[in-house]
**Q** 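Handing you a structure now.
As the structure is a computational prediction, the values presented were derived from the model and not from experiment.
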Amino acid sequence: MLKFLRTFLASIIGIIFCVVALVGVMIIAVTNTYLNPDFYQGDQFEDLFYDLIVEEISYRLLNESEQLGALLSTDDIREEVEIVIPPELISETMADVIAQMKQVPLPDILVVDAEPIKNNLPLVVDSLVAKISPNLPVEIPADLFTTEIQDEMMIDYIPPKIELPLGDLPPKARRSLTLIFQGADHVTESVFVALSFLLVIIGLIIWKPFKLILRMIGGPILVAGILLFQASIISNPELAEVYDLGTILIEPIGTYIIPWMWGFLFVGSILSISSFVLPQDFFVNTKEV
């Protein structure tokens with residue numbers, strides 16, 4: 001009866017370990033991607049989000065003006081957009097937003113500075129018009145053509161600053177945001193300590209025989225690795241069924257958790273296999289009574 005009770009309690013702690021490991025690693029991934037200003041200066045951001053932003057601006061330029069689309073190719077438009085709106089511009093904007101979110105207390109209004117993009121969009125239009133001006137009909141002045149495109153894109157209506165009210169959030173939500181952003185730099189250590197504590201509890205509950213300790217510790221670690229493997233599949237656009245914005249948003253998280261996944265799978269497999277292949281009299285003094 002005592003053996004059953006110990007195993008049952010250890011199994012409950014093992015389930016808690018799996019949940020903490022999955023959620024904890026996901027939080028670590030978020031804090032090291034979207035909540036980390038350095039992420040917006042990396043290749044992954046440029047490959048995914050920057051290209052998406054450039055594609056959206058190029059699409060609007062191409063589709064809002066039939067004349068522009070008839071005189072320039074999509075590649076021509078993308079080239080000019082990438083020159084005038086470089087990745088650094090987006091990175092600096094995101095870094096500023098994260099810096100505001102880390103303020104204590106949390107600001108009542110989150111201000112997104114859209115002025116650099118607003119100021120650069122007319123430069124994109126000017127560059128495109130300069131390319132096609134030699135082919136414009138004589139009756140259409142370049143200045144008039146530029147003004148028409150800017151009006152069609154509604155550049156003048158883009159606000160220089162976008163204000164997102166945070167003061168209307170419930171107090172609990174505000175405290176949660178503050179905790180997340182303030183603790184972002186210490187999440188990895190906190191998760192590691194929590195997981196280690198749970199494993200120690202399992203070991204203290206079982207305490208003998210040694211093979212059972214390995215099994216009860218290795219099992220949850222292995223299951224946590226399998227859960228992380230499933231999460232990495234869901235967030236991998238090559239394996240996911242639909243490559244949409246949702247998939248793009250979680251792909252960086254999936255990429256980040258892969259090393260953790262392999263770590264859990266490796267350690268869990270070693271401990272679990274060892275619990276079966278070790279001789280029965282291994283650590284005789286831990287022989288179950």
**Q** Any idea which heavy atoms bring Ile258 and Gly254 closest together, and the distance?
**A** CG1-O, 3.3 Å
**Q** Honestly curious: do Leu9 and Ile15 fall in one hydrophobic cluster under the side-chain, below-4.5 Å linking rule?
**A** no
**Q** What's the spacing between Ile16 CD1 and Ile201 CD1 if we round to 0.5 Å?
**A** 10.5 Å
**Q** Would a 4.5 Å heavy-atom cut-off, applied to side chains only, mark Met216 and Ser11 as touching?
**A**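 Of all side-chain heavy-atom pairs linking Ser11 with Met216, at least one is under 4.5 Å.
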**Q** Determine whether Ser275 and Leu212 satisfy the following criterion, side-chain contact (heavy atoms from CB on, under 4.5 Å), listing intermediate values before the conclusion.
**A** CA-CA 7 Å; Ser275 70; Leu212 184 58; over 6 Å; no
**Q** Is there a donor-acceptor contact under 3.5 Å from the side chain of Asn32 to the main chain of Ile28?
**A** yes
**Q** Checking the side chain of Ser91 only, and the main-chain atoms of Tyr40 only, is there a donor and an acceptor separated by less than 3.5 Å?
**A**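 At least one qualifying donor-acceptor pair exists.
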**Q** Would you indicate whether the side-chain heavy atoms of Met94 and Tyr34 approach each other to under 4.5 Å?
**A** no
**Q** Any side-chain heavy atom of Tyr50 within less than 4.5 Å of one from Glu82?
**A**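 Touching, per the 4.5 Å side-chain cut-off.
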**Q** Are Trp262 and Phe17 connected, step by step, through hydrophobic side chains (Ile, Leu, Val, Met, Phe, Trp, Tyr) whose heavy atoms are closer than 4.5 Å?
**A** yes
**Q** Using the rule given for side-chain contact (heavy atoms from CB on, under 4.5 Å), can you reason through Leu199 versus Ile13, listing the C-alpha separation, both sets of side-chain angles and the distance that settles it, and then say yes or no?
**A** CA-CA 8 Å; Leu199 293 179; Ile13 301 298; over 6 Å; no
**Q** Is there a path of hydrophobic side-chain contacts, each under 4.5 Å between heavy atoms, that joins Ile98 and Ile162?
**A**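 Same hydrophobic cluster.
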**Q** I want to check something: taking the side chain as every heavy atom from C-beta on, are Leu110 and Glu163 in contact at a cut-off of under 4.5 Å?
**A** no
**Q** Are Ile12 and Leu222 linked, directly or through intermediate hydrophobic residues, by side-chain heavy-atom contacts shorter than 4.5 Å (ILVMFWY only)?
**A** yes
**Q** If you take all heavy atoms of Leu89 and Pro116, which pair is closest and at what distance?
**A**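 Looking at all heavy atoms of both residues, the closest pair is CD1-CB, 3.2 Å.
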**Q** Answer yes or no: is there a donor N or O on one side and an acceptor on the other, between the side chain of Arg215 and the main chain of Ser272, under 3.5 Å?
**A** no
**Q** Any heavy-atom pair between the side chains of Pro209 and Ile213 that's under 4.5 Å?
**A** no
**Q** Who else is in Val200's hydrophobic cluster (ILVMFWY, side-chain heavy atoms under 4.5 Å, direct or via others)?
**A**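 Members alongside Val200: Leu204.
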**Q** Determine the sole option in Val112, Ile109, Val111, Val97 for which the side-chain contact (heavy atoms from CB on, under 4.5 Å) test with Leu164 is passed.
**A**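 Exactly one pass, corresponding to Val112.
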**Q** Apply side-chain contact (heavy atoms from CB on, under 4.5 Å) to Phe264 and Val25, showing your working.
**A** CA-CA 11 Å; Phe264 277 101; Val25 172; 4.0 Å; yes
**Q** The criterion is side-chain contact (heavy atoms from CB on, under 4.5 Å); which residues satisfy it with Ile27, sequence neighbours excluded?
**A**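 For Ile27, the residues satisfying side-chain contact (heavy atoms from CB on, under 4.5 Å) (neighbours in sequence not counted) are Val23, Thr31, Val187.
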**Q** Would you say Phe192 ends up clustered with Leu228 if hydrophobic residues are merged whenever their side chains have heavy atoms under 4.5 Å apart, either directly or through other cluster members?
**A** no
**Q** How far apart are the C-alpha atoms of Met101 and Leu35, what are their side-chain angles, what is the distance that settles it, and do they pass the side-chain contact (heavy atoms from CB on, under 4.5 Å) test?
**A** CA-CA 9 Å; Met101 295 296 292; Leu35 301 187; over 6 Å; no
